Amino acid sequence: MIRVNELVEPELSDILRKRYQSESVAITISEVKVSPDLHDARVFVSIIGDEETATQKLRWLRTKAVEIREEVGRRIVLKFLPKFEYVLD
């Protein structure tokens, strides 16, 4: 699982930086934990700003979850592509 975690984390960061530059400026992916069955993953994010900004950015991130997951699927070949759950770190 460590290899999968280390594979997914930089891809998520890269997608955020390239596709959503203005929206993701305050968001940092700090850790990814993929479940052993590869069906679910918790993505721990740090968000710069006050609590209201953090809540707003986390809500935005959750609305883009499907698009981000599809892009990760194009970049990484896995038996199962996990569903990402975004959690404040």
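Worth saying up front: this structure is predicted, and the values here are computed from it rather than measured.
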Item to check | Ile47 versus Thr53, closest heavy-atom pair with distance | outcome: CG2-O, 4.5 Å

Checklist entry - What pairs of residues pass the ring pair (Phe, Tyr, Trp, His ring centres under 6.0 Å) test when at least one of them lies in residues 68-89, not counting sequence neighbours? => result His39-Phe80

Checklist entry - Same cluster or not: are Val4 and Ile76 linked, directly or through other Ile, Leu, Val, Met, Phe, Trp or Tyr residues, by side-chain heavy atoms under 4.5 angstrom apart? => result yes

Checklist entry - Can you name the side-chain hydrogen bond (donor to acceptor under 3.5 Å, both in side chains) partners of Arg3, sequence neighbours left out? => result none

Checklist entry - salt bridge (Lys or Arg N to Asp or Glu O under 4.0 Å) with Arg59: which residues, sequence neighbours excluded? => result none

Next on the checklist: For Glu23, give me all partners under salt bridge (Lys or Arg N to Asp or Glu O under 4.0 Å), at least two apart in sequence or on another chain.
Outcome noted: none

Item to check | Euclidean distance, Leu81 CG relative to Arg74 CZ, rounded to 0.5 Å | outcome: 10.5 Å

Next on the checklist: Give me each pair satisfying salt bridge (Lys or Arg N to Asp or Glu O under 4.0 Å) with a member in residues 42-54, each pair once, sequence neighbours excluded.
Outcome noted: Arg42-Glu85

Could you list the donor-acceptor pairs under 3.5 angstrom formed by side chains in residues 25-36, with sequence neighbours left out?
| unit_1 | atom_1 | unit_2 | atom_2 | d |
| --- | --- | --- | --- | --- |
| Ser30 | OG | Phe44 | O | 3.0 |
| Ser30 | OG | Asp89 | OD2 | 2.8 |
| Ser35 | OG | Asp37 | OD1 | 2.5 |
| Ser35 | OG | Asp40 | N | 3.3 |
| Ser35 | OG | Asp40 | O | 3.1 |

Checklist entry - Taking a hydrophobic cluster as the set of Ile, Leu, Val, Met, Phe, Trp and Tyr residues connected by side-chain heavy atoms closer than 4.5 Å, whether directly or through intermediates, do Leu38 and Val66 fall within one such cluster? => result no

Item to check | Test side-chain contact (heavy atoms from CB on, under 4.5 Å) applied to Leu88 and Thr55, step by step | outcome: CA-CA 9 Å; Leu88 280 176; Thr55 304; 5.7 Å; no

Checklist entry - Got a sec, which residues hit side-chain contact (heavy atoms from CB on, under 4.5 Å) with Glu67, two or more places apart in sequence or on another chain? => result Arg19, Tyr20, Lys64

Side-chain donor/acceptor pairs under 3.5 Å, residues 6-13, sequence neighbours excluded:
| unit_1 | atom_1 | unit_2 | atom_2 | d |
| --- | --- | --- | --- | --- |
| Glu11 | OE1 | Arg75 | NH1 | 3.1 |
| Ser13 | OG | Glu9 | O | 3.3 |

Next on the checklist: For Lys79, give me all partners under salt bridge (Lys or Arg N to Asp or Glu O under 4.0 Å), at least two apart in sequence or on another chain.
Outcome noted: none

Checklist outcome for this item: Separation between CG (Leu16) and CD (Glu71), nearest 0.5 Å, reads 11.0 Å

Next on the checklist: So, using side-chain hydrogen bond (donor to acceptor under 3.5 Å, both in side chains) as the criterion, who are the partners of Ser46 when residues are at least two apart?
Outcome noted: none

